[in-house]
Chemist: 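Have a look at the structure that comes next, please.
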Amino acid sequence: MPLVLYNTAARAKQSFQPIEPDNVGMYVCGPTVYDNAHVGNARPIVVFDVLYRLLRRTYPAVTYVRNITDVDDKINAQAKSSGEKIEAITERTIQTFHEDMLALNALPPVHEPRATEHIGRMIDMIQTLIEDGYAYEAEKHILFHVPSMLNYGQLSGRNRSELIDGARVEIAPFKQDPADFVLWKPSTPDIPGWDSPWGIGRPGWHIECSAMSTQYLGNTFDIHGGGRDLIFPHHENEVAQSLCAYPQSKFAKYWVHNGFVTVEGKKMAKSVGNVLSVHELLNDFPGEAIRLTLLSAHYRQPLDFTHEGLKASKKILDRWYRTIGPCKGAAHGTDIDDIPENVIEALNDDLNTPRAISALHGMLDSPHQFRAGANILGLMQEDAETWFHKSADSDELQIQELLSQREAARKERDFKTSDRIREELSQKGVFLEDNPDGTTTWRHQ
RNA sequence: GGCCAGGUGGCGGAGAGGCUACGCACCGGAUUGCAAAUCCGUGUACACCGGUUCGAAUCCGGUCCUGGCCUCCA
């Protein structure tokens with residue numbers, strides 16, 4: 001079966017037909033770098049990483065673009081409250097983001113454009129929109145005039161009257177229509193600003209993605225992804241701007257949106273105090289356990305991220321490392337290798353990762369197949385030694401010392417001492433296994 | 001109020017008119033100094049009420065519940 005994706009724009013699964021089979025283009029909305037990535041941010045990264053791996057296997061080239069939003073009022077607010085310089089915040093956050101995503105085995109995108117480096121193109125687009133009558137200036141703001149676009153609302157399935165009915169946010173008085181949105185806004189000297197035909201200012205939220213996606217992928221490209229909360233208004237407005245600025249284009253052909261993450265059954269929010277940052281989670285769990293947890297539900301389903309779930313994922317990976325060992329490397333299964341048919345079938349069916357994982361469980365007695373399947377999911381990339389023994393605070397020498405004491409005791413059939421040492425190590429989170437041949441192996445719990 | 005998802009065994013989670021995945025946990029057995037690991041085996045499910053059908057977890061209608069979005073949240 002060829003690849004089928006659920007296209008939000010069509011509200012249906014559609015078979016994937018690339019515009020140019022030689023080079024597939026995919027744009028995914030990346031992080032706003034005012035704080036470290038949380039598990040909700042990590043979900044689309046991991047989901048689209050699987051899609052990227054899958055596409056790379058089928059097509060000769062995949063241009064994967066994931067932006068970094070480094071100009072945003074949330075960043076400005078963060079700087080103001082902490083006193084840290086904006087560049088320091090963004091650089092540090094980007095650095096940590098890269099480390100965290102690497103720990104989740106997410107491949108880097110081909111391009112990772114930053115908003116601040118594409119202001120010129122945004123200004124050009126805005127100017128085109130003004131010239132063609134889609135945008136207007138009001139009190140130093142440039143606004144996109146929604147009624148000027150006939151089909152506005154197609155992606156999210158809304159019409160303007162619905163929006164206005166439900167509006168719960170104050171409408172800026174200078175808007176010609178309540179649905180109009182900001183393309184450019186003025187900056188005061190204390191916040192970042194760029195020179196423009198409309199004075200010193202900064203871009204609105206949506207325009208950066210329109211400018212950067214089309215710059216790297218062309219005005220019409222294959223896949224645009226992100227969290228489903230972005231469908232409206234962000235992606236709807238991206239579509240509006242882009243289609244009006246580039247009238248001959250189609251913008252994105254397939255819109256792919258992942259479902260939300262909750263934490264222990266509750267919405268993750270700063271106000272609830274349950275935001276789980278990937279960075280902190282990585283102190284307690286390996287990145288692959290987080291990755292497997294994120295892939296354990298279908299990407300469009302809601303995912304409840306729990307401590308129990310993470311432990312279950314860790315346990316599954318333990319078992320896999322124990323029976324199969326690492327799956328990294330060209331020797332057995334790069335992404336062009338023979339991926340088992342049932343794994344491919346599952347992934348081709350709108351990225352059904354739970355089914356792919358289930359297929360993996362059935363392959364424990366055929367390591368070669370298992371490795372190729374695990375590889376395309378970006379799992380089992382550690383070596384077993386690291387997997388079982390890596391720990392920030394473990395003192396391996398001390399463990400070895402206790403192990404040899406215990407071995408001596410067992411030879412004497414002094415099981416009291418032997419069990420005492422087992423218990424002592426267990427307190428440190430070190431788990432011992434006595435093998436049938438008399439040797440003892442250990443691992444972190 | 002409007003729009004959109006979803007409710008599957010103790011838990012996680014696929015499937016989508018007949019064959020009733022898979023994993024974790026539990027229980028029984030083998031093995032074991034103990035424990036773990038491993039192997040074998042058993043059980044439990046489709047929110048509720050109607051309808052269509054030879055047959056419904058799956059289709060249709062209604063009810064209840066949960067979550068998301070409704071102008072800068074992935």
Side-chain angles (χ1 to χ4, degrees), chain A residues 8 11 28-32 37-48 69 72-74 144 146 153 156-159 161-172 175 178-182 185 203-208 225-234 236-237 257-262 265-270 275 292-293 295-298 300-304 306 308-309 311-316 318-319 322-323 342 346 349 352-362 364 410 413-416 418-419 422-423 426 431-436 440-443 445:
Chain A
T8 306
R11 269 152 240 288
V28 174
C29 288
T32 300
H38 53 65
V39 288
N41 303 121
R43 190 178 193 189
I45 305 289
V46 168
V47 164
F48 289 101
T69 300
D72 186 279
D73 285 355
K74 285 197 292 293
F144 184 91
V146 167
S156 58
R158 290 160 208 268
N159 59 55
S161 59
E162 280 167 15
L163 301 181
I164 296 158
D165 287 349
R168 63 179 181 197
V169 168
E170 268 187 70
I171 293 155
K175 285 188 179 180
D180 291 352
F181 58 89
V182 170
K185 52 191 170 184
W205 178 31
H206 318 298
I207 193 71
E208 59 164 289
R228 62 177 303 140
D229 57 317
L230 295 180
I231 297 171
F232 189 89
H234 184 51
E236 192 67 73
N237 291 347
H257 292 103
N258 63 273
F260 240 64
V261 176
T262 52
K266 291 200 191 103
K267 179 181 176 169
M268 182 169 57
K270 286 223 164 110
V275 176
L292 181 60
T293 304
L295 293 176
S296 68
H298 182 90
R300 281 192 285 118
Q301 292 296 117
L303 175 78
D304 191 26
T306 63
E308 282 301 308
K311 284 204 312 212
S313 295
K314 167 75 162 60
K315 201 165 174 178
I316 289 168
D318 281 347
R319 178 174 144 96
R322 209 180 289 127
T323 48
N342 50 359
D349 184 10
N352 196 328
T353 52
R355 219 167 79 204
I357 291 165
S358 163
L360 240 37
H361 282 294
L364 287 172
R410 289 181 74 217
R413 301 192 68 80
D414 176 3
F415 296 122
K416 213 177 156 186
S418 159
D419 286 351
R422 176 196 287 286
E423 177 57 25
S426 168
F431 190 83
L432 303 186
E433 286 178 71
D434 294 330
N435 303 312
T440 298
T441 48
W442 66 275
R443 59 185 158 90
Q445 265 170 331

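Every chain is numbered from 1 and lettered A, B, ... according to where its sequence line falls, protein lines coming before strand lines.
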Chemist: Within the structure provided, determine whether A:E208 and A:P203 are in side-chain contact (heavy-atom separation under 4.5 Å).
Modeler: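 No. Closest side-chain heavy atoms not under 4.5 Å.
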Chemist: 5'-most contact on RNA chain B: A:N41 or A:N435, nearest heavy atom basis?
Modeler: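 Checking each residue's closest nucleotide, the 5'-ward one belongs to A:N435.
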Chemist: Provide the distance between the two P atoms, one in B:G17 and one in B:G67, to the nearest whole Å.
Modeler: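 Their P atoms lie roughly 30 Å apart.
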Chemist: B:C72 base to A:N237 side chain: any donor-acceptor pair below 3.5 Å?
Modeler: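 Per atom types, no contact qualifies.
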Chemist: Rounded to whole angstrom, note down the P distance from B:G50 over to B:C73.
Modeler: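 Per the computed distance, 47 Å lies between those P atoms.
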Chemist: Considering only the P atoms, how many Å lie between B:U71 and B:C48, rounded to the nearest integer?
Modeler: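 That atom pair is separated by 36 Å.
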Chemist: So for A:R355 and B:G13, does any side-chain atom that can act as donor or acceptor lie under 3.5 Å from a complementary atom in the base?
Modeler: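 No such pair is found, so the answer is no.
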Chemist: Counting only side-chain heavy atoms from C-beta out, which of B:A37, B:A5, B:G23 sits nearest to A:H361?
Modeler: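 Side chain of A:H361 sits closest to B:G23.
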Chemist: Partner lookup for B:C72, please. Criteria are Watson-Crick or G-U wobble with both distances under 3.5 angstrom; report none if nothing qualifies.
Modeler: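 Checking every strand shown, B:C72 finds no partner, since no pair has both distances under 3.5 Å.
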Chemist: A:Q301 near the nucleic acid: base, sugar-phosphate alone, or nothing, with a heavy-atom cut-off under 4.0 Å?
Modeler: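 Since only primed, P, OP1 and OP2 atoms lie under 4.0 Å of A:Q301, the category is sugar-phosphate.
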Chemist: Round to a whole Å and report the spacing from CZ of A:R443 to C1' of B:A36.
Modeler: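 Rounded to the whole Å, the gap is 7 Å.
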Chemist: For a quick check, tell me whether the side chain of A:R422 and the base of B:A35 share a donor-acceptor pair closer than 3.5 Å.
Modeler: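 When only heavy-atom distances are counted, A:R422 does reach the base of B:A35 through a donor-acceptor pair under 3.5 Å.
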Chemist: Only pairs with both distances under 3.5 Å count, Watson-Crick or wobble alike; so what is the partner of B:G43 in this structure?
Modeler: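 Paired with no nucleotide.
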Chemist: How close or far is atom P of B:G15 from atom CG of A:D349, stated in whole angstroms?
Modeler: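 Nearest whole value for this atom pair: 7 Å.
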Chemist: In whole Å, what separates the P atom of B:G9 from that of B:A14?
Modeler: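 These two P atoms come out 13 Å apart once rounded.
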Chemist: Touch check for A:G226, heavy atoms < 4.0 angstrom, all strands: base, sugar-phosphate only, or nothing?
Modeler: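 Sugar-phosphate, backbone atoms only, no base.
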Chemist: Is any side-chain nitrogen or oxygen of A:R410 closer than 4.0 Å to OP1 or OP2 of B:C34?
Modeler: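 No, because none of the side-chain N or O atoms of A:R410 sits under 4.0 Å from OP1 or OP2 of B:C34.
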Chemist: Return yes if some donor-acceptor pair links the side-chain N/O of A:D434 with the main-chain N/O of A:T440 below 3.5 Å, else return no.
Modeler: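 Not a single qualifying donor-acceptor pair exists.
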Chemist: Taking the side chain of A:T32 as heavy atoms from C-beta outward, which of B:G33, B:A74, B:A21 is closest to it?
Modeler: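 Looking only at side-chain atoms, A:T32 lies closest to B:A74.
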Chemist: Whole Å only: how far is the CD atom of A:E308 from the C1' atom of B:G10?
Modeler: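 So the two atoms are 12 Å apart, to the nearest Å.
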Chemist: Ring-plane angle category for A:H234 and A:H206, please: parallel below 30°, perpendicular beyond 60°, tilted otherwise.
Modeler: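 Correct class here is tilted.
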Chemist: How many whole angstroms separate atom NE2 of A:H298 from atom P of B:G13?
Modeler: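 In whole Å, B:G13 P and A:H298 NE2 are 13 Å from each other.
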Chemist: Please check if the side chain of A:S313 supplies one atom and the backbone of A:G309 the other of a donor-acceptor pair under 3.5 Å.
Modeler: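 The answer is yes, because a donor-acceptor pair under 3.5 Å joins these two groups.
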Chemist: Would you call A:F144 and A:I207 a side-chain contact if the rule is heavy atoms closer than 4.5 Å?
Modeler: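 The answer is no; the side chains never approach within 4.5 Å.
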Chemist: I want to verify a distance call: between B:U71, B:A74, B:C72, whose nearest atom is closest to the A:F181 side chain?
Modeler: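 In terms of side-chain proximity for A:F181, the closest of B:U71, B:A74, B:C72 is B:U71.
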Chemist: Closer than 4.0 Å, any side-chain N/O of A:R319 to the OP1 or OP2 of B:C39?
Modeler: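 Answer yes for this pair, as a side-chain N or O of A:R319 is under 4.0 Å from OP1 or OP2.
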Chemist: Of the options B:G23, B:A14, B:U71, whose atoms approach the side-chain atoms of A:A179 most closely?
Modeler: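 Between B:G23, B:A14, B:U71, the one nearest the side chain of A:A179 would be B:U71.
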Chemist: Mind checking if A:A297 touches a base, just sugar-phosphate, or nothing, with heavy atoms under 4.0 Å?
Modeler: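 Result for A:A297 = sugar-phosphate.
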Chemist: If we take the P atom in both B:C34 and B:G41, what is their distance in whole Å?
Modeler: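 Roughly 24 Å separates the two P atoms.
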Chemist: Remember a base hit wins even if backbone is also touched, and classify A:K416 as base, sugar-phosphate or nothing at under 4.0 Å, heavy atoms.
Modeler: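 Touches nothing.
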Chemist: When you compare B:U31 with B:A36, how far apart are their C1' atoms, in angstrom units rounded to a whole number?
Modeler: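 Per the computed distance, 12 Å lies between those C1' atoms.
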Chemist: Counting any heavy atom closer than 4.0 Å, what does A:L432 reach on the DNA or RNA strands: base, sugar-phosphate only, or nothing?
Modeler: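 Base, at least one base atom sits under 4.0 Å.
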Chemist: Which base, if any, makes a Watson-Crick or G-U wobble pair with B:G12, both distances under 3.5 Å?
Modeler: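 In the structure as shown, B:G12 has B:C22 as its Watson-Crick or wobble partner.
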Chemist: Does A:R413, at its CZ atom, have more than 12 non-hydrogen atoms belonging to other residues, nucleotides or ligands within less than 6.0 Å?
Modeler: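 Open.
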Chemist: Can you see if the side chain of A:K74 gets near the phosphate of B:C73 - specifically, an N or O under 4.0 Å from OP1 or OP2?
Modeler: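 Checking B:C73 against A:K74, a side-chain N or O does come within under 4.0 Å of OP1 or OP2.
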Chemist: Can you tell me the Watson-Crick or wobble partner of B:G6, both distances under 3.5 angstrom?
Modeler: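 Here B:G6 is engaged in a pair, and the nucleotide opposite it is B:C65.
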Chemist: Calculate the interatomic distance between A:I231 atom CD1 and B:G2 atom P; express it in whole Å.
Modeler: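 Result: 20 Å.
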Chemist: Any side-chain heavy atom of A:S296 within less than 4.5 Å of one from A:L303?
Modeler: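 Yes, side chains in contact.
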Chemist: Whole angstrom is fine here: how far is it from CG in A:L230 over to C1' in B:C73?
Modeler: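 Rounded to whole Å, this separation is 8 Å.
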Chemist: Identify whether any heavy atom of A:V261 sits under 4.0 Å from a base atom; if not, whether one sits that close to sugar-phosphate; answer base, sugar-phosphate or nothing.
Modeler: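 Contact class for A:V261: base.
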Chemist: What's the closest nucleotide to the A:N258 side chain, out of B:A74, B:C22, B:A14?
Modeler: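 Selected nucleotide (nearest to the side chain): B:A74.
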Chemist: Just name whichever nucleotide pairs with B:U38, Watson-Crick or G-U, keeping both distances under 3.5 Å, else none.
Modeler: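 Pairing partner, where one exists within any strand: B:A30.
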Chemist: Using the P atoms only, state how far B:G68 lies from B:C26, rounded to an integer number of Å.
Modeler: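 That atom pair is separated by 33 Å.
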Chemist: Applying a 4.0 Å non-hydrogen cut-off, can you work out what A:H206 is touching in the nucleic acid: base, sugar-phosphate, or nothing?
Modeler: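 Since no nucleic acid heavy atom lies under 4.0 Å of A:H206, the category is nothing.
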Chemist: Does A:N352 have a side-chain nitrogen or oxygen under 4.0 Å from the phosphate oxygens OP1 or OP2 of B:G15?
Modeler: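 Result: yes.
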Chemist: Ring stacking, A:F260 with base of B:G67, under 5.5 Å and under 30°?
Modeler: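 A:F260 ring does not meet the centre or angle cut-off for B:G67; no stack.
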Chemist: Indicate yes or no: at least one non-hydrogen side-chain atom of A:T8 is less than 4.5 angstrom from one of A:R228.
Modeler: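 In short, these two side chains do not touch, never coming nearer than 4.5 Å.
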Chemist: Within the pair A:R322 and B:U38, is there a side-chain N or O less than 4.0 Å away from OP1 or OP2?
Modeler: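 Indeed, a polar side-chain atom of A:R322 lies that close.
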Chemist: Once you round it to whole Å, what is the distance between P of B:G67 and CE of A:M268?
Modeler: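 Going from CE in A:M268 over to P in B:G67 covers 16 Å.
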Chemist: Using a 4.5 Å cut-off on heavy atoms from C-beta on, say whether the side chain of A:K185 contacts that of A:D73.
Modeler: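 The answer is yes; the side chains approach within 4.5 Å.
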Chemist: Looking only at N and O atoms, is any donor in the side chain of A:S418 or the base of B:G33 less than 3.5 Å from an acceptor on the other one?
Modeler: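 Flag set: donor-acceptor pair detected.
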Chemist: Taking the minimum atom-to-atom distance to the side chain of A:D419, which one of B:G33, B:A74, B:C69 wins?
Modeler: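 Shortest atom-to-atom distance from the side chain points to B:G33.
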Chemist: B:G6 and B:C59: how far apart are their P atoms, nearest whole angstrom?
Modeler: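 One P to the other, the span is 11 Å.
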Chemist: Just the rounded figure in Å: distance from C1' of B:G23 to CD1 of A:I316.
Modeler: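 A:I316 atom CD1 is separated from B:G23 atom C1' by 5 Å.
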Chemist: Reading RNA chain B from 5' onward, which residue's closest nucleotide shows up sooner: A:H38 or A:P302?
Modeler: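 The answer here is A:P302.
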